[in-house]
Amino acid sequence: MIDKPDIDERLLAAEVAAAWSVDVVDLAFMPVGLDGHAWAYRVETSDGGRCFLKVRRGDFTPAAVLLPGFLRARGLRQVVAPLDLPEGGAGRGFGDYRLLLYPFQDGDSLWGRGLTDRQWIEYGDFLGRLHRVTPSAEVAAVLPVETYRSSAGDRLRALGGQAAASETLGAFWKRYGAALRRLAETVDDLASRVTPGQHVICHADIHPGNLIADGDGTLHVVDWDAPILAPRERDLMFVHSADFGEHPIDAHRAELFREGYGALEPDPVLLSYYRGERHLDDVAAFLGSILGPEASAESRANDLHWLIRIAEAVADPGYAP
């Protein structure tokens with residue numbers, strides 16, 4: 001979220017220091033991410049260390065707290081997991097918010113500059129190993145399970161009338177509303193036609209924006225907020241779609257990814273369902289954020305940029321999820 005939360009940062013820094021037994025010398029807000037319920041801070045400590053603090057209004061899911069550490073313990077070194085509290089566990093309450101503290105990763109998101117050839121192979125290798133991990137009973141108990149019953153279509157339909165009457169979104173809805181309503185119908189149809197695949201652990205948001213690397217260095221996989229047990233296409237959609245990142249997959253990159261992942265023939269109906277559902281979910285989320293009373297003008301403009309980008313893709317005559 002690019003708007004700061006309504007939090008006293010001096011009290012927040014003191015809470016982090018007390019909870020994780022660190023000497024905090026600086027707490028800097030980071031205007032990153034598009035989740036309207038989560039915020040990020042860089043934490044600097046007196047010994048020269050740095051951490052990444054995630055602040056969420058409401059609770060983190062149990063899977064978001066438990067799964068990353070479980071995966072790192074099984075050798076998936078790219079997973080960025082929250083730091084444990086001295087008394088055990090990872091999450092800390094702070095009024096209406098919950099806190100997770102992570103090691104700070106040097107480097108940049110790969111959304112803009114893309115992956116190197118070596119990183120495409122590592123990307124495939126990481127996802128292949130992730131999808132082969134068998135969850136423990138404890139992890140399986142907290143992981144959501146795919147149902148193919150998305151709420152995104154209903155949310156879009158509920159917000160459409162407000163968007164049409166909105167000064168900010170009226171012109172947008174007049175231009176793109178019909179295409180977005182058709183997408184909702186398409187996603188419903190695809191959901192009725194999917195052949196459920198074998199469930200594996202999926203990150204569920206593993207686009208290049210959630211891959212961090214310094215140059216051609218090792219990938220760091222962040223934002224484990226919504227993992228799920230689902231067919232592997234839930235993750236592979238991000239690999240095979242041209243919508244996520246400025247340097248999407250092509251024939252050469254597909255071969256590099258396959259070199260790391262292994263032989264794969266994704267189910268095209270599942271890929272289409274997940275691509276369409278993600279577009280629909282993002283549109284509904286951005287509509288809700290823009291129409292909400294709390295966002296700043298800067299935040300609304302940022303959300304509108306991404307909303308239009310998705311809507312233009314969906315409205316293109318050649319679009320098919």
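The structure presented is a predicted model; accordingly, all values stated were derived computationally and were not measured.
The shortest heavy-atom contact between P248 and R253 is O-NH1, 2.6 Å. Listed here is the closest heavy atom pair of V79 and R72: O-NH1, 2.8 Å. What you find for C51 and F104 is that their closest heavy atoms are O-CD1, 3.7 Å. In terms of heavy-atom proximity, Q78 sits nearest to T218 at CG-CG2, 4.2 Å. Nearest heavy atoms, A226 versus A204: O-CB, 3.3 Å. Across all their heavy atoms, F244 and P208 have their closest contact at O-CD, 3.5 Å.
Between D84 atom CG and L101 atom CG the span is 11.0 Å, to the nearest 0.5 Å. Here the straight-line distance linking atom CG of D108 with atom CD1 of I212 works out to 8.5 Å at 0.5 Å rounding. Expressed to the nearest 0.5 Å, how far CG of D282 lies from CD of E277 amounts to 9.0 Å. Rounded to the nearest 0.5 Å, atoms CD1 (I249) and OG (S241) are 10.0 Å apart. We find the CG-NE2 distance between L67 and H203 to be 9.5 Å, quoted to the nearest 0.5 Å. Rounding to the nearest 0.5 Å gives a distance of 11.0 Å between CD1 of I121 and CG of L219.
Formation of a donor-acceptor pair under 3.5 Å by the E233 side chain with backbone atoms of D267 is found in this model. S192 contributes a side-chain N or O that, together with a main-chain N or O of D189, makes up a donor-acceptor pair within less than 3.5 Å. Side chain of R74 to main chain of V133: no donor-acceptor pair is present (N/O by atom type, distance under 3.5 Å, no hydrogens or angles). Side chain of S166 to backbone of Q162: no donor-acceptor contact under 3.5 angstrom is found. With hydrogens and angles disregarded, a donor-acceptor distance shorter than 3.5 Å links the side chain of R300 to the backbone of I290. In terms of modelled atom types and a separation under 3.5 Å, the side chain of S289 and the main chain of A285 share no donor-acceptor contact. Not one N or O on the side chain of E259 forms a donor-acceptor pair closer than 3.5 Å with the backbone of L256. With R232 contributing its side chain and H199 its backbone, the two residues share no donor-acceptor pair below 3.5 Å. Counting only distance, with no hydrogens or angles, the side chain of D216 and the backbone of T116 share no donor-acceptor pair below 3.5 Å.
Residues V24 and L99 share a single hydrophobic cluster, defined by chaining ILVMFWY side chains whose heavy atoms lie under 4.5 Å apart. Grouping the Ile, Leu, Val, Met, Phe, Trp and Tyr side chains by contacts below 4.5 angstrom, directly or via other members, places F52 apart from V25. Criterion: ILVMFWY side-chain heavy atoms under 4.5 Å apart, direct or through other members. Under it, I228 and L270 are not part of a common hydrophobic cluster.
The closest side-chain heavy-atom distance from D26 to V43 is not below 4.5 Å. The closest side-chain heavy-atom distance from L229 to C202 is not below 4.5 Å. Under the 4.5 Å side-chain criterion, counting only non-hydrogen atoms from C-beta, I310 is not in contact with L180. Between R234 and V200, every side-chain heavy-atom pair lies at or beyond the 4.5 Å cut-off. Looking only at side-chain heavy atoms (C-beta outward), L83 and Y102 stay at 4.5 Å or farther from each other. A 4.5 Å side-chain heavy-atom check between L53 and V55 finds at least one atom pair inside the cut-off. For the pair V239 and Y123, the minimum side-chain heavy-atom distance is below 4.5 Å. In this structure, L156 and V283 have side chains that are in contact, with non-hydrogen atoms separated by less than 4.5 Å.
For R258 and Y261, the positive end is not near the middle of the six-membered ring at less than 6.0 Å and at most 45° from its axis.
When the shell of 6.0 Å around CD of E87 is examined, it contains more than 12 heavy atoms from other residues, nucleotides or ligands. The number of heavy-atom neighbours closer than 6.0 Å to CZ of R309, taken from other residues, nucleotides and ligands shown, is above 12. In this structure, Q198 places its CD atom where only 12 or fewer heavy-atom neighbours from other residues, nucleotides or ligands lie under 6.0 Å away. Around CG of D6, the count of heavy atoms belonging to other residues, nucleotides or ligands within 6.0 Å does not exceed 12.
No hydrogens or angles considered: nothing links the side chains of T45 and D23 as a donor-acceptor pair under 3.5 Å. Counting only N and O atoms by type, the side chains of D117 and H252 include a donor and acceptor under 3.5 Å apart. For the 3.5 Å distance criterion, the side chains of H279 and Y274 fail to qualify, holding no donor opposite an acceptor.
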Run L236 and F257 through side-chain contact (heavy atoms from CB on, under 4.5 Å) and show every step you take. CA-CA 10 Å; L236 294 177; F257 181 85; 3.8 Å; yes
So F126 and I206, side-chain contact (heavy atoms from CB on, under 4.5 Å) or not? Walk me through it. CA-CA 11 Å; F126 173 79; I206 195 159; 3.8 Å; yes
Using the side-chain contact (heavy atoms from CB on, under 4.5 Å) rule, take D235 and L130 through it: C-alpha gap first, then chi angles, then the decisive distance, then the call. CA-CA 10 Å; D235 283 339; L130 173 65; 3.9 Å; yes
K54 vs D223, test: salt bridge (Lys or Arg N to Asp or Glu O under 4.0 Å). Steps then yes/no. CA-CA 10 Å; K54 180 172 281 190; D223 200 3; 3.3 Å; yes
For the pair L183 and Y319, evaluate side-chain contact (heavy atoms from CB on, under 4.5 Å) and give the outcome as yes or no after the intermediate values. CA-CA 10 Å; L183 176 60; Y319 175 82; 3.8 Å; yes
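Ion pair R10/E15 not flagged as a salt bridge, since none of the NZ, NE, NH1 or NH2 atoms sits closer than 4.0 Å to an Asp/Glu carboxylate oxygen. The existence of a salt bridge linking K4 and E9 is confirmed by a sub-4.0 Å separation between a basic side-chain nitrogen and an acidic carboxylate oxygen. In this structure, R57 does not pair ionically with D96, as no charged nitrogen and carboxylate oxygen lie closer than 4.0 Å. For R42 and E44, the salt-bridge test passes: some basic side-chain N is under 4.0 Å from an acidic carboxylate O. A salt bridge links D106 with R50: the closest approach of a Lys/Arg side-chain nitrogen to an acidic carboxylate oxygen falls below 4.0 angstrom. Ion pairing of R118 with E122 is present here, as a side-chain N (NZ or NE/NH1/NH2) and a carboxylate O approach within less than 4.0 Å.
Among F29, F94, Y97, the one residue that satisfies the ring-ring contact (aromatic ring centres under 6.0 Å, His included) test with Y41 is F29.
Here salt bridge (charged side-chain N to carboxylate O under 4.0 Å, His left out) pairs that include residues 145-166, with residues two or more places apart or in two chains, are D154-R157, R155-D281, R157-D188.
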